[in-house]
Amino acid sequence: MMVVYALYGVAALLALAPIAIVLGAAPRTQGPVLGVATSVVYGASLIVTLSLCIIALLSLFEYSQSPSLVTLPLGLPWIGAHFRIDALAAFFLVVVNLGGAAASLFALGYGRHEHSPLRVLPFYPAYLAAMNLVVMADDAFSFLVSWEFMSLTSWALVVARHQVRENLRAGYIYLLMASFGTLALLLSFGLLAGPDGHYAFDAMRASHPPAALAALVLLLVLVGAGSKAGVVPLHAWLPLAHPAAPSHVSALMSGVMTKVAVYGFVRIVFDLLGPPDWWWSMVVLGVGGITAVMGVLYALMEHDLKRLLAYHTVENIGIIFIGLGLALAFKAHGMPLAAALALTAGLFHVFNHSVFKSLLFFGAGSVLNATGTRDMEHLGGLIHRMPQTAFVFLVGCVAISALPPLNGFVSEWLTFQAILLSPQLPSWGLKFMVPAVGALLALSAALAAACFVKAFGVSFLGRARTPAAARATETDSNSLAAMYFLAALCLVAGILPGFIIDALAPVTKSLVGFSMPHQAGVEWLSIVPIAESRSSYNGLLVFVFVVLSGSIAAFAIHRLASDKLRRAPAWDCGYPDSSSATQYTASSFAQPIRRVYGTSVFHAREIGEMPPPGATAPARLKVELRDLIWIAAYAPVAAAIDYAAEKLNVLQFLTIRRYLSLVFTALVLLLLVLAIWP
Amino acid sequence: MALIRELAFQGAQMLVVLLLAPLLTGFVRKVKARLLRRQGPPLLQPYLDLIRLTRKDVVLANNASWLFRAIPYIVFAGTWVAVSLVPTFRSGLVFSWSADLIAIIALLGSARFFLALAGLDVGTSFGGIGSSREVMIASLAEPAMLMIVFTLALVAGSTQLSTMAAFMVSPEVGLRVSLGLALIALLMVAIAENARIPIDNPATHLELTMVHEAMVLEYSGRHLALIELSAALKLLLYISLVGCLFTPWGIAGPDASVQAIAAGAVLYLAKLAAGGFLLALFETAIAKMRVFRVPAFLGAALMLGLLATLLLFVSRSL
């Protein structure tokens with residue numbers, strides 16, 4: 001029954017698209033009318049996504065034992081369109097609609113600043129609907145159609161600001177990568193369906209493909225879902241496309257759509273593909289580890305606030321894939337309890353990342369609105385002008401840096417606990433792989449903290465670097481409400497993680513056959529993954545202790561010693577300079593890290609031009625970074641396609657006779673192939 | 001009744017570390033001075049400094065934000081909570097299960113995160129250089145520390161410090177290569193984390209070190225007092241950590257007698273004194289490193305930690 005209600009919700013979202021067009025395209029599309037259209041679309045999206053979220057929560061908690069199914073007479077005539085909500089789908093529906101609701105609330109304020117709302121409004125609800133449909137789809141055809149629909153609507157939102165050339169290029173690359181990914185998924189579903197074409201997921205679940213075929217499916221899914229999620233080296237589109245869209249859509253793309261991609265991966269690999277081989281986990285772990293570190297290193301080199309956040313999504317996807325890879329390893333070796341722990345860690349991070357990444361993108365959007373720039377080198381001192389945005393953005397930064405007592409730490413802690421269980425794995429490859437991946441995870445966590453010190457410190461702290469930053473004003477109350485909501489969620493999920501772990505129990509039970517021990521009954525609301533003597537963590541107590549000891553210290557010092565305060569110019573060792581250009585910039589902040597890691601990873605070079613004494617030319621310092629992945633993987637492909645297109649261009653100017661003979665030869669060749677085929 | 005007793009022990013530990021931390025700093029300074037044939041400040045000088053600082057007005061830069069004023073308290077609270085959970089003279093503290101070793105390290109990471117933000121808040125180049133170098137050092141020291149934690153956790157089969165300390169006294173431990181590697185790595189990380197020579201120099205901000213002291217340059221009065229106290233607490237934490245993991249003898253168990261606890265306390269003081277003396281000796285004997293030598297130093301610690309973990313993955317007895 002739940003799935004029917006959910007489909008009504010999706011239908012409502014789909015209906016919003018034409019309504020938006022009608023409202024927006026009414027004669028005299030002046031300010032007030034567009035304002036109404038904006039409020040109607042985002043308000044209705046908010047209500048619908050909230051209801052969908054409630055439906056998903058209900059299905060997760062109440063009806064997770066019996067998945068609800070429905071078949072609609074749409075799609076391929078002989079199978080129809082299957083939809084289904086089981087525990088896994090319900091969890092991801094929560095993630096999608098929570099993100100959707102927050103984005104809609106944010107957009108109620110933010111959307112008013114849109115220059116051409118008609119380019120955003122119709123696609124926004126359709127995009128939300130598409131993401132819901134992907135998660136609910138229960139046959140390959142509706143899955144792929146929804147997946148493509150999701151890609152196309154988000155592409156339309158990416159190129160909403162088509163006046164900027166960069167955005168068009170971003171849209172182009174996004175479209176290419178999306179089609180490539182869908183192609184890989186299409187092939188993988190084809191392999192899963194087998195020669196008889198069982199496109200319903202039920203049939204795929206029942207039949208297990210032979211090992212070689214299953215391996216091929218895994219690689220194809222890793223390419224297909226991975227390119228949408230942004231695993232290295234298929235991440236190239238992500239830092240281009242995510243920032244190009246309006247900020248609430250960026251939040252959805254980064255925080256939610258990448259999670260839908262993770263859903264696709266989990267659905268196929270854990271659910272449809274049958275029992276895993278042990279070496280699959282090696283591939284997933286390797287990809288995850290490299291993705292995590294590369295993502296954060298890219299982010300550290302980036303000075304565009306939204307692109308930095310997009311690169312950070314790449315990092316977090318890596319962390320999620322590390323969790324999933326560990327779960328695969330444990331599952332393959334018949335250690336279901338450990339598999340449940342690792343899978344819980346990965347899925348918990350899915351939830352966490354969707355929350356804090358949306359929050360951070362909203363913050364970046366508010367900054368963009370207030371100052372008109374995303375370049376951190378032009379910001380600074382915003383904490384004075386936008387104190388509330390600064391506060392919530394700081395919460396997001398602490399959460400994403402995996403620092404206690406917020407939520408990012410809990411999921412990484414669980415991942416570490418899963419890694420500590422892995423010496424029991426019998427295969428030698430994993431024995432060497434897992435510690436290395438653990439080191440990569442630890443490295444990425446530390447680098448993430450460095451990156452967010454930079455992101456927050458350079459944009460919000462210090463002195464304003466430009467007049468625009470000095471004139472910024474606090475953002476509107478709707479946007480703030482959305483951000484406060486997500487910030488509160490970061491804290492709650494961080495200090496009461498047991499509830500989320502319990503909520504994930506039906507999901508892990510259905511995928512690996514086991515779930516983590518029930519956490520709600522543990523004393524003091526701690527979380528205990530395996531046994532208390534082994535490891536436990538209590539975010540609530542840590543939070544209370546920190547708050548208490550900080551307040552006691554403040555109270556005692558103010559009462560017993562001194563509470564006087566004087567304002568004076570900055571000390572700076574006696575040489576304060578009034579020019580805000582004397583501050584550390586984002587690039588100078590990242591310089592030590594660039595020197596340590598960048599010289600090998602990016603071939604970073606600093607080129608100093610010092611004019612001779614007496615010359616009037618300015619001295620210059622240039623930094624050169626080379627994106628080696630682009631150079632090694634993308635540029636050759638692009639060059640090859642260019643070359644082939646150039647050579648095949650001849651075929652466009654043939655006479656009719658030659659075309660006919662071409663068609664005829666092709667036909668004969670194909671028939672020959674068929675004849676020779678065994 | 002038992003709970004009250006346990007709470008009393010937890011409270012005693014919190015007070016003990018708070019009161020001992022400045023003494024340890026004073027002791028290290030005194031030993032260093034004596035090794036250089038100087039008289040050195042009195043042992044209790046850090047206490048006097050802290051009291052004087054808390055009584056003074058805070059001189060706040062015009063541009064400092066609310067965050068800048070909150071950060072000393074956050075840093076102090078985070079460090080204090082972290083150090084309160086490390087077994088010192090008695091293990092099995094009542095709240096020790098609320099954060100395991102990974103969480104303690106992460107708490108210190110939170111403190112550092114905020115301190116690095118404080119360096120950027122006023123918008124001076126000194127603060128910036130301190131912050132950027134601090135996060136660079138942290139980006140290597142933290143993973144190295146986590147690798148060490150992995151090694152110890154794999155040996156002890158737990159990430160709970162109390163369990164680990166109890167395991168380390170038991171005869172099952174024996175001599176292991178991985179523990180040796182972890183100890184060396186831990187000492188290297190501890191030196192870096194506490195901004196000691198050869199990584200940084202706690203005595204000055206005007207050398208080319210300019211890391212920790214440059215980062216907190218704009219602080220004054222009670223804020224500075226809290227930051228200095230946090231630094232002292234952190235030093236105490238690392239020495240206690242090495243003490244409870246690698247020299248776990250004498251730590252009283254959860255249901256030990258009064259004598260055992262008293263013996264534990266005396267031994268703990270002896271461990272602190274030994275740790276402080278060795279630190280002072282090491283600092284006097286070695287020269288400061290160039291900033292860009294630090295990655296090599298910490299990279300070595302990271303590799304040692306990784307090697308130790310790998311050894312344990314390969315064989316449980318190494």
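Order of the sequence lines fixes the chain letters, A, B, ..., with proteins taken first and strands second; residue numbering starts at 1 for each chain.
- Contacts between Leu140(B) and chain A at a heavy-atom distance below 4.5 Å involve backbone atoms as well as side-chain atoms.
- Each of Ile129(B), Asp200(B), Val211(B) was compared with Glu134(B) under the side chain to side chain contact (heavy atoms under 4.5 Å, CB included) criterion, and only Val211(B) meets it.
- Interface remark: Ser220(B) contributes no atoms to any contact with chain A (heavy atom separation under 4.5 Å).
- Heavy-atom pairs under 4.5 Å with chain A were tallied for Ala156(B), Ala106(B), Ala225(B); the largest tally goes to Ala106(B).
- Thr163(B) touches chain A through its side chain: at least one heavy atom from C-beta onward sits under 4.5 Å away, while N, CA, C and O do not.
- For Val596(A), the part lying near chain B is the side chain, with the backbone staying farther off; criterion is any non-hydrogen pair under 4.5 Å.
- In this structure, Arg293(B) places its CZ atom where only 12 or fewer heavy-atom neighbours from other residues, nucleotides or ligands lie under 6.0 Å away.
- Heavy atoms from other residues, nucleotides or ligands lying under 6.0 Å from CZ of Phe391(A) number 12 at most.
- Contact of Leu146(B) with chain A is made through the side chain alone, with heavy-atom distances under 4.5 Å.
- Listed here is the closest heavy atom pair of Ala590(A) and Leu300(A): CB-O, 3.6 Å.
- By number of non-hydrogen pairs under 4.5 angstrom with chain B, the leading residue of Ser588(A), Gly380(A), Ala402(A), Ser422(A) is Ser422(A).
- The part of Trp80(B) that comes within reach of chain A is its side chain, from C-beta onward, which places non-hydrogen atoms under 4.5 angstrom from that chain.
- Under the 6.0 Å cut-off for aromatic ring centres, Phe452(A) and Phe456(A) do not qualify, their centroids lying 6.0 Å or more apart.
- No more than 12 heavy atoms of other residues, nucleotides or ligands lie within 6.0 Å of CZ in Arg69(B), so this atom counts as exposed by the packing criterion.
- Both the backbone and the side chain of Leu420(A) have a heavy atom closer than 4.5 Å to some heavy atom of chain B.
- Here the side chains of Ser158(B) and Phe167(B) are not in contact, with every heavy-atom distance at 4.5 Å or above.
- In this structure, the side chains of Leu161(B) and Asp100(B) stay at 4.5 Å or more apart for every pair of heavy atoms.
- Only the side chain of Ser526(A) comes within contact range of chain B, judged by heavy atoms closer than 4.5 Å.
- Note on Gly457(A), Ala568(A), Ala570(A), Ala446(A): by heavy-atom pairs under 4.5 Å with chain B, the leading option is Ala568(A).
- Ser587(A) and Glu377(A) share a donor-acceptor pair across their side chains, judged by distance under 3.5 Å alone.
- Contact annotation for Phe95(B): only side-chain heavy atoms (C-beta onward) come within less than 4.5 Å of a heavy atom of chain A.
- Here Ile102(B) is the residue among Thr309(B), Ile102(B), Leu312(B) with the most heavy-atom pairs under 4.5 Å with chain A.
- Counting heavy-atom pairs closer than 4.5 Å to chain B, the top-ranked of the candidates Ala561(A), Pro592(A), Gly550(A) is Pro592(A).
- Between chain A and the options Val294(B), Leu302(B), Val81(B), the largest number of non-hydrogen pairs under 4.5 Å is found for Val81(B).
- Contacts between Leu421(A) and chain B at a heavy-atom distance below 4.5 Å are absent for every atom of the residue.
- Among the candidates Ala153(B), Ala296(B), Gly157(B), Pro295(B), the residue making the largest number of heavy-atom pairs closer than 4.5 Å to chain A is Gly157(B).
- Between chain B and the options Val458(A), Val547(A), Asp563(A), Asp577(A), heavy-atom pairs under 4.5 Å are most frequent for Asp563(A).
- Heavy atoms of Ala138(B) lying under 4.5 Å from chain A belong exclusively to its backbone.
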Listed pairs under 3.5 Å, donor-acceptor, residues 115-124 of chain B side chains, sequence neighbours left out:
| unit_1 | atom_1 | unit_2 | atom_2 | d |
| --- | --- | --- | --- | --- |
| Asp121(B) | OD1 | Ser65(B) | OG | 2.8 |
| Asp121(B) | OD2 | Ser65(B) | N | 3.0 |
| Asp121(B) | OD2 | Ser65(B) | OG | 3.3 |
| Thr124(B) | OG1 | Gly127(B) | N | 3.4 |

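- Residues Ser401(A) and Ala448(A) approach most closely at OG-O, 3.9 Å, considering heavy atoms.
- Highest contact tally toward chain B, considering only Ser551(A), Cys397(A), Ala442(A), Gly381(A), is held by Ala442(A) [criterion: heavy-atom pairs under 4.5 Å].
- Residues of residues 403-410 of chain A that come closer than 4.5 Å to chain B, counting heavy atoms only, are Leu403(A), Pro404(A), Phe409(A), ordered by residue number.
- Residues Leu154(B) and Phe313(B) form a side-chain contact, since some pair of their non-hydrogen atoms from C-beta on lies under 4.5 Å apart.
- Looking at residues two or more places apart in sequence or on another chain, you find a side-chain hydrogen bond (donor to acceptor under 3.5 Å, both in side chains) between Ser536(A) and Gln160(B).
- Heavy-atom pairs under 4.5 Å with chain A peak, among His223(B), Arg222(B), Arg55(B), Glu142(B), at Arg222(B).
- The choice from Ile137(B), Asp57(B), Leu107(B), Leu67(B) that makes the most heavy-atom pairs within less than 4.5 Å of chain A is Asp57(B).
- In terms of non-hydrogen atom pairs under 4.5 Å with chain B, the most contact-rich of Glu412(A), Gln583(A), Lys431(A), Arg595(A) is Arg595(A).
- Here the closest non-hydrogen pair linking Pro435(A) and Leu306(B) is O-CD1, 3.7 Å.
- Only the side chain of Phe76(B) has a heavy atom closer than 4.5 Å to any heavy atom of chain A.
- Ring pair Tyr537(A)/Trp413(A) is tilted by interplanar angle, where 30° to 60° counts as tilted.
- Within 6.0 Å of the OH atom in Tyr575(A), the count of heavy atoms belonging to other residues, nucleotides or ligands does not exceed 12.
- Checked against side-chain hydrogen bond (donor to acceptor under 3.5 Å, both in side chains), Arg463(A) has the following partners two or more places apart in sequence or in another chain: Thr582(A).
- The shortest heavy-atom contact between Ser230(B) and Thr79(B) is O-CG2, 3.6 Å.
- Heavy atoms of Ser580(A) lying under 4.5 Å from chain B are absent altogether.
- For a residue to count as touching a neighbouring chain, one of its non-hydrogen atoms must lie under 4.5 Å from one of that chain's; by this rule Leu565(A) touches chain B with backbone and side chain alike.
- In this structure, chain A has no heavy atom under 4.5 Å from any part of Ala144(B).
- In this structure, Glu606(A) pairs ionically with Arg594(A), as a charged nitrogen and a carboxylate oxygen lie closer than 4.0 Å.
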